[in-house]
Visitor: 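Here it is, the structure in full.
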Amino acid sequence: MTSVARAGHLAPFFKASCSITNNGLKPVVAIAAPAEKLVVQPLPKTSTVQSLHGALPVQSLKVRHGNFAPTQVRFAHTDIAYPDFSAYRRKESQDPKVKADDSVDRRQAFTYLIAGAGSVASAYAAKSVVTQFVSSMAAAADVLALAKIEIKLGDIPEGKSVTFKWRGKPLFIRHRTANEISTEKAVPVDQLRDPEHDDQRTQDPKWLVVIGVCTHLGCVPVANAGDFGGYYCPCHGSHYDASGRIRKGPAPLNLEVPPHTFVDESLLVVG
C-alpha cells in the first residue's frame with residue numbers, strides 16, 4: 001500500500017506514514033549519473049514577503065492513502081494574535097458570568113438624551129449670539145428718535161420755505177401759493193430733464209416736501225431763488241422750480257421727496 005500527498009508549495013511541510021508489505025518486486029538500485037547530466041537549480045533569492053507568499057498553496061490539495069497507511073494533514077493556527085478590548089469595555093460587562101443591569105437599549109436612550117439636550121442648548125446659545133450681534137448693528141436710541149419728525153404746518157406762512165433737520169439732512173417744507181401750484185402743474189413733462197409731474201411729487205398741492213441736497217455734488221440749495229423761483233444751488237449753478245425739479249444747470253435729477261404723511265391739516269410727519 002502506498003500513500004501519496006501533493007499540495008504545491010506545501011508539500012515539504014506535510015508528513016505521511018505508511019506501512020510497507022512485500023510484493024515480490026526487486027529493490028530499486030540507485031545508479032550514479034554523470035556529473036555533466038546533473039542540473040542543479042539555484043535557490044532563488046527571495047525576501048520575507050516573497051518567501052511567505054511562496055509557501056501558500058497555489059494548487060489543489062490531493063491526498064491518497066491506503067487502508068493500512070493513514071495520512072494526516074493539519075494546519076496550525078496557534079500563533080494568531082487577536083486584539084484585547086478590555087480597556088474599552090465597561091467594568092460591569094467585563095465578567096461574562098455577571099449579568100449587567102443596563103442593556104443596549106438603555107445605553108442608546110441615554111446617549112440620545114444627552115445628544116438632544118446638547119443640541120437644544122447649542123441652538124439656544126446660537127440664537128442668543130445672533131440676537132446680540134443683530135442688536136449691536138441696530139440704530140441707537142438718539143438715531144431712532146430722529147427717524148421721524150413732526151412739523152406743525154401752521155407755523156409756515158404761505159409762499160415761504162422753512163428748513164428742518166431730518167436724519168442729518170436739511171429738509172425743505174414749502175408752503176406754495178395758488179400761482180405757484182398752477183405754474184408747476186402747467187409745465188410740460190417732456191421738456192424736463194428728469195420727467196416727473198407735479199402731482200407725483202406732492203400729496204397736498206399746497207405743501208412741497210423735499211430733501212435740501214443738490215443732486216449734482218450734494219450742496220445745499222438756496223430757497224426762493226434761481227431763474228424759476230424755486231431753489232438755486234450756488235456751487236455749480238443748478239436751478240430748481242417750485243416743485244423741486246431740475247430745470248437748468250448740471251444737476252441730473254430732481255430733489256428727492258422723502259416719505260411723509262399728513263396726520264391732519266396742521267400736522268405733518270416725515271419718515
Side-chain angles (χ1 to χ4, degrees), residues 130 133-271:
V130 172
F133 179 73
V134 173
S135 299
S136 65
M137 300 176 62
D142 56 346
V143 177
L144 293 176
L146 296 176
K148 291 185 178 182
I149 182 175
E150 295 182 355
I151 300 173
K152 294 182 179 180
L153 300 178
D155 298 337
I156 305 175
E158 186 178 6
K160 297 295 181 180
S161 178
V162 181
T163 304
F164 298 88
K165 185 178 181 181
W166 176 71
R167 296 184 181 180
K169 300 178 181 179
L171 179 68
F172 293 161
I173 307 297
R174 186 185 186 95
H175 191 177
R176 301 193 300 180
T177 62
N179 186 23
E180 291 176 340
I181 295 174
S182 59
T183 301
E184 301 305 331
K185 287 182 178 293
V187 174
V189 178
D190 55 354
Q191 297 181 3
L192 299 175
R193 181 178 304 171
D194 186 9
E196 198 171 12
H197 198 271
D198 184 71
D199 294 338
Q200 299 177 258
R201 299 181 56 80
T202 58
Q203 296 183 16
D204 187 344
K206 294 187 299 181
W207 299 98
L208 175 66
V209 182
V210 293
I211 296 178
V213 177
C214 180
T215 58
H216 181 219
L217 292 178
C219 301
V220 179
V222 179
N224 297 322
D227 295 346
F228 299 89
Y231 302 92
Y232 171 71
C233 181
C235 296
H236 299 90
S238 296
H239 298 259
Y240 300 88
D241 58 14
S243 184
R245 296 173 296 189
I246 182 64
R247 303 293 296 274
K248 182 180 179 182
L253 301 174
N254 303 330
L255 294 179
E256 181 182 356
V257 178
H260 58 280
T261 304
F262 290 92
V263 180
D264 51 35
E265 294 182 356
S266 61
L267 183 61
L268 171 65
V269 177
V270 180

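In this text, all values refer to a predicted model and were calculated from it rather than measured experimentally. These numbers come from the heavy atoms of this one structure, side chains and all, not from hydrogens, waters or symmetry mates.
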Visitor: Quick check: do Tyr240 and Thr215 have side-chain heavy atoms less than 4.5 Å from each other?
Guide: yes
Visitor: Could you measure the distance from the CG atom of Asp198 to the OG atom of Ser182? Nearest 0.5 Å is fine.
Guide: 10.0 Å
Visitor: Tell me which pairs pass salt bridge (Lys or Arg N to Asp or Glu O under 4.0 Å) where either residue lies in residues 150-160, with sequence neighbours left out.
Guide: none
Visitor: Which residues pass the side chain to side chain contact (heavy atoms under 4.5 Å, CB included) test with Lys206, not counting sequence neighbours?
Guide: His175, Ile181, Asp204
Visitor: Once rounded to the nearest 0.5 Å, what's the spacing between atom CG of Leu253 and atom NE2 of His216?
Guide: 11.5 Å
Visitor: Let me check something: any side-chain donor-acceptor pairs from residues 260-271 under 3.5 Å, sequence neighbours excluded? List them with distances.
Guide:
| residue | atom | partner | partner atom | Å |
| --- | --- | --- | --- | --- |
| His260 | ND1 | Pro258 | O | 2.8 |
| Asp264 | OD1 | Ser266 | N | 2.9 |
| Asp264 | OD1 | Ser266 | OG | 3.2 |
| Asp264 | OD1 | Leu267 | N | 2.8 |

Visitor: Applying salt bridge (Lys or Arg N to Asp or Glu O under 4.0 Å), which residue pairs with at least one partner in residues 250-261 are found, sequence neighbours left out?
Guide: none
Visitor: With a 3.5 Å distance limit and no angle check, can you tell me whether Arg201 reaches the backbone of Ser243 through a side-chain donor-acceptor pair?
Guide: yes
Visitor: Using the side chain to side chain contact (heavy atoms under 4.5 Å, CB included) criterion, which residues pair with Thr163? Sequence neighbours excluded.
Guide: Pro170, Phe172
Visitor: Does a side-chain heavy-atom distance below 4.5 Å link Val257 with Glu196?
Guide: no
Visitor: Under the side chain to side chain donor-acceptor pair (under 3.5 Å) test, which residues partner Glu180, sequence neighbours left out?
Guide: Arg174
Visitor: To the nearest 0.5 Å, how far apart are CZ in Phe164 and CD1 in Ile151?
Guide: 4.5 Å
Visitor: Would you mind writing out the side-chain donor-acceptor pairs for residues 227-238 within the sub-3.5 Å range, not counting sequence neighbours?
Guide:
| residue | atom | partner | partner atom | Å |
| --- | --- | --- | --- | --- |
| Asp227 | OD2 | Lys248 | NZ | 3.1 |
| Tyr231 | OH | Ser161 | OG | 3.4 |
| Ser238 | OG | Ala251 | N | 3.3 |

Visitor: Just wondering, do Gln203 and Val209 contact through their side chains at under 4.5 Å, heavy atoms?
Guide: no
Visitor: For Arg245, check salt bridge (charged side-chain N to carboxylate O under 4.0 Å, His left out) against everything at least two apart and list the hits.
Guide: Glu184, Asp241
Visitor: What distance separates Leu208 CG from Leu255 CG, expressed to the nearest 0.5 Å?
Guide: 8.0 Å
Visitor: Checking Asp199 now: which residues fulfil salt bridge (charged side-chain N to carboxylate O under 4.0 Å, His left out) with it, not counting sequence neighbours?
Guide: Lys185
